[in-house]
Amino acid sequence: MRKLVVYDTLGFPTPQDFLKFSEGLKGAGCDIYEVGLPPKYAKYDGPVIRRSHQTVSKFGDLSGSLKEAVEVSKVPVVVLTYLEEHLDRLREFLKSLRESKVEGVLFPDLLIDFPDQLEAVVSKVRSEGLKNVIFTAPSVPDSIIKRSGEITDMFLYYGVRPTTGIPIPVDVGALIRRVRNMVRSDLIVGFGLSSESDLRSALRAGADGVAVGTALITELEGRGVTGGLALVRKYREILDGA
Amino acid sequence: MELNPRDIVPEFWYNIIPDLPRPLPPPRDPPGADFSRIDLLRDIMPQEVLRQQFTVERFVKIPEEVRDRYLNIGRPTPLLRARKLEEKLRTPARIYFKYEGATPTGSHKINAAIPQAYYAQAEGISAVTTETGAGQWGTAVALAASMFGLKSSVFMVRVSYEQKPMRKTIMNLYGADVYASPTNFTEAGKRALSRDPNHPGSLGIAMSEAVEYALKQRWKYLVGSVLDVVLLYQSVIGLETSTQLEAVGEEPDVLIGCVGGGSNFGGFAFPFLGHGTKARLIAVGPAEVPKFSSGKYEYDYPDEAGLLPMIKMLTLGREYVPPPIYAGGLRYHGVAPSLSLLMQEGRVEWREYEEPEIFEAAKLFSETQGIVPAPESAHAVKAVVDEAMRAKRDGERRTIAFNLSGHGLLDLSNYESMMKRFKS
């Protein structure tokens, strides 16, 4: 079965609605829940996700919300955060995630800004009892994509556009076919993948699932939790029908 | 073996991205961005050009219409052996040069202007704009635009505009409007003029003006260097050279080119990397704009105003004001991301030379081969001379190939001034 990965920023749109949304995800057809920690510098996030970071920055310390979200969502939770911000205290940070019962962690800047630390970070994550989700992009050379496919634990996350939520014209099918032939791990495609036609081309090209974020944030902003969950159900139908 | 031009002009451009030793850092919006510059690219560039900017295919099909234009302007350009230079230097090295000055606009720039004008026209755009420093890129855009029936406006750095009136004449002949930048048509221009009413201009400011003007007029902006897609289009140079060298049974040991933003160097040398060459690659720049020796490898804006996304490159800083050296095309503050990465990895070596040495090399090349090199290209010549002398010292018959990216027949006033200053 194809996997649906749903993104929300920790505490968005409000801490209460964030939990309500988290609680409804499994029923709406979400397989994996990707929770984004608001970063100091959202290197690869587009304007919509950046706006969600600003919104939640008003709510103060949200570390309790993460633990609660893990409990109520009843699907595996992967935390998305930039490695750059945790380099000083990586072990402590990973420990805190484990204490929140988070399953895995995804650093979108690992291969781009710290390619030499790939193996070291992967081992550290495992030694703290967490799973790795390696993030790759089209600009990653073949040899490194192959290696990432071998060492990622949950799935390989492939971001097809240079930033989230901006429909830069790319040939989604061609980008995915290139990677599909190189890796055996589950391949989840996201980053700027929002239109129905993008989703269908991704699946046709061999993706094992998709990750959606920007469109959901927009829906949560506009129609709240009900709208957000309805959109999750719609994505589930596309995945099951395609 | 005699080759037909159609056999030499390639059918595909070559893209280095999948063959780089490590991931190419993607363009970024700055921290705390008030708007997304990446999103803005969609309004600025023709869609197909933008798609190709982010492509990871190794080979990208050259549309037949573009290939026809390449043939029509005289591609393939000649690959010549500099025998008289070899004799003069008494070197055992064999020196070949790809002569991009043989195009109608006198430099390699036309290779990247043609596809962008073609895609703009195919998307129903009626006019395009760009910036130019020394005038080579502006001339190329003016011609490419007229080839595809587009209107064009060129923002030319004021100091070049005043020093090189003939460049403006050529652009006007091709049908372009040419403005001395900074102008008061744009906010970026007005800001510069308010700092200094006699502002000499810079490539970064002219670039900001062209981008802003394109947005205002709903035209498209054509990009002349630095971005990966320009290096992709310029790969015709290296692909042709590779075929031409093979036809004479040669394999290069050293590949040399000058670097402004990196498009002629990348276009010339990268296809050889794609073939797995073992050759040494040498990028050459001016000591007066020391981006190789003093530049930092970090995210910076390609343009002065910061309207374009940040890219990771060797840079002297977007506000860097270069000294008024004669090689206008080499005064840019940064180096193309893929070339910067290869320099960081040590795959591409670099040299920086001072103006008097460049003048000597240009004179030597003119006297022996008869071609007056563009002052930019004379930087490559200087490195070639050094490498040829090194081959002599080592007693080795190395094959040196370089890109003579343009002729200097429109730079004669600069040469005149150098002859006076550097009289030996």
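Proteins come first, then strands; the chains are lettered A, B, ... in the order of their sequence lines, and each starts at number 1. Not measured: the values here are computed from a predicted model.
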(request) Quickly, which of B:P23, B:P18, B:P21 forms a side-chain contact (heavy atoms from CB on, under 4.5 Å) with A:P141? Name it, please. (result) B:P23
(request) Would you mind checking which part of A:I144 comes under 4.5 Å of any heavy atom in chain B, side chain (CB onward), backbone (N, CA, C, O), both or neither? (result) side chain
(message) For a quick test of reading the model, state the closest non-hydrogen atom pair linking A:I112 to B:P25 and the distance between them.
(response) CG2-CA, 3.7 Å
(message) Which residues pass the side-chain contact (heavy atoms from CB on, under 4.5 Å) test with A:R89, not counting sequence neighbours?
(response) A:E92
(message) According to side-chain contact (heavy atoms from CB on, under 4.5 Å), who are the partners of A:S185, at least two apart in sequence or on a separate chain?
(response) A:T152, A:L156, A:V183
Are there any donor-acceptor pairs closer than 3.5 angstrom between chain A and chain B, and if so, which ones?
from	atom 1	to	atom 2	distance (Å)
A:Y41	OH	B:D29	O	2.7
A:Y44	OH	B:R28	NH2	3.4
A:R50	NH1	B:P30	O	3.1
A:D113	OD1	B:R28	NH2	3.2
A:D113	OD2	B:R28	NH2	2.7
A:S139	O	B:L24	N	3.3
A:S139	OG	B:L24	O	3.0
A:D142	OD2	B:R58	NH2	3.4

(request) Applying ring-ring contact (aromatic ring centres under 6.0 Å, His included), name anything that partners A:F191, two or more places apart in sequence or on another chain. (result) A:F135
(request) Starting at CD1 of A:I168, measure out to CG of B:L41 and round the result to the nearest 0.5 Å. (result) 5.5 Å
(message) With a 4.5 angstrom heavy-atom cut-off, is it the side chain or the backbone of A:P167 that approaches chain B, or both, or neither?
(response) both
